[in-house]
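Heads up, the thing below is written out as C-alpha cells.
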Amino acid sequence: MLSKSFFDRPAPDVSRDLIGATLLYEGVGGMIVEVEAYDEADPASHSFAGPTPRNRVMFGPAGHAYVYKIYGIHYCLNFVCRPGSAVLIRAVEPLHGIATMQMRRGAMPEKNLCSGPGKLAQALGIDLTQNGLALDAPPFEVLAADGVHEIGMGPRIGITKGVETPWRYVLSGSRYLSKPMA
DNA sequence: TTCTGGATTATCT
DNA sequence: GATAATCCAGAAC
C-alpha cells in the first residue's frame, strides 16, 4: 500500500513509479498502465491559474484524489502530488471486479473497459463525491508496482496547451492503453 | 448574471 | 474521420 509520502514528490517522478502499480476502488480496479503528469507551471494544468474552488484539492496535501468533469459528460481521476501538481490516471488493465465494471460500462471486451480516463472513472464508479478522498485509506487502495516494468514516455493527449511537454507515461506494449504509444 | 470552452467518448457516415 | 452529447468553473460584463 502506497503512503502519502509516495505522492509528495514531483509529478513526473510519481507518474513513472505509478506505472505497474495497482489501483483499487472498493475492490474494483487493476494495474495502472497509463498516466500523465501536470504541475502548476504547466499551461495545460487546472492548477496553472492558481487555486480555485474546483481545483483546491490539487493544492492540498499529497496523496488525495482529485476528480473533475470534462465535456459535461465524463469524469477524470487524478492523484494529487505536491501542491499544485497531480497525476491523471488515463488507463488501467482490468484485473479485479471485472464483472462490476462490465455492469457499469456495459458488456464489452476487457481492453475497452478502462482504456481512457472517462471510461476508467465510469468502470470504477468514480464521480465528484470522491473528490478529495485520501488514497491510502478505504475505499481507495493503491499498491506499489511489483517488479520492473518497461516505461514508455511521450506527449500528452487531448490537451490544447503545453503539448510539447512529454509527460505521458505508459507501460510499454500494454494492450489496455487509451492510445498506443507512437 | 450570462457566456464559453474543455485533460473525452460513442455513434454515425 | 467527423461530430454530437452535455455540465460546470472561470471569465467577462
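Since the model is a prediction, treat every value here as computed from it, not as a measurement.
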Applying ring-ring contact (aromatic ring centres under 6.0 Å, His included), run through A/F7 and A/F79 and close with a yes or a no.
-> CA-CA 8 Å; A/F7 296 99; A/F79 290 172; 5.6 Å; yes

Between the protein and nucleotides 7-11 of chain B, which nitrogen or oxygen pairs are less than 3.5 angstrom apart?
unit_1 : atom_1 : unit_2 : atom_2 : d
B/dA7  : N9     : A/Y68  : OH     : 3.3
B/dA7  : N7     : A/A44  : O      : 3.3
B/dA7  : N7     : A/H46  : NE2    : 3.1
B/dA7  : N6     : A/H46  : N      : 3.3
B/dA7  : N6     : A/H46  : ND1    : 3.4
B/dA7  : N1     : A/N78  : OD1    : 2.7
B/dA7  : N3     : A/Y68  : OH     : 2.7
B/dT8  : OP1    : A/R90  : NH1    : 3.2
B/dT8  : OP2    : A/G158 : O      : 2.8
B/dT8  : O2     : A/H74  : NE2    : 3.1
B/dT9  : OP1    : A/P117 : N      : 3.1
B/dT9  : OP1    : A/G118 : N      : 3.1
B/dT9  : O4'    : A/H74  : NE2    : 2.9
B/dA10 : OP1    : A/R105 : NH1    : 3.0
B/dA10 : OP1    : A/R105 : NH2    : 3.0

Just name whichever nucleotide pairs with B/dA7, Watson-Crick or G-U, keeping both distances under 3.5 Å, else none.
->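 No nucleotide pairs with B/dA7.
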
What is the pairing partner of C/dT6, taking Watson-Crick or G-U wobble pairs with both distances under 3.5 Å in any strand?
-> none

Can A/E36 and A/R90 be counted as an ion pair, charged N to O under 4.0 angstrom?
-> yes

For the pair A/D13 and A/R82, find out whether any cationic side-chain nitrogen is under 4.0 Å from an anionic carboxylate oxygen.
-> no

Please report the distance, rounded to the nearest Å, between [atom1] in [X] and [atom2] in [N].
| X | N | atom1 | atom2 | answer |
| --- | --- | --- | --- | --- |
| A/R54 | C/dC7 | CZ | C1' | 11 Å |
| A/D127 | C/dC8 | CG | P | 12 Å |
| A/N55 | C/dC8 | CG | P | 17 Å |

Atom pairs under 3.5 Å: protein N/O with N/O of nucleotides 1-4 of chain B:
none

Is it the case that A/Y25 and A/Q130 place a side-chain donor and acceptor less than 3.5 Å from each other?
->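 Present: a donor and an acceptor within the cut-off.
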
Measure the shortest side-chain to side-chain distance between A/H96 and A/L24 over non-hydrogen atoms and say whether it is less than 4.5 angstrom.
-> yes

Side-chain touch A/E34/A/S178, heavy atoms, less than 4.5 angstrom |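 Yes. Closest side-chain heavy atoms under 4.5 Å.
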
When the ring centroid of A/H46 is compared with that of A/Y38, is the distance short of 6.0 Å?
->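 No, too far apart.
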
Could you go step by step and tell me if A/R105 and A/Q122 meet the side-chain hydrogen bond (donor to acceptor under 3.5 Å, both in side chains) rule?
-> CA-CA 7 Å; A/R105 295 258 317 124; A/Q122 187 185 2; 2.9 Å; yes

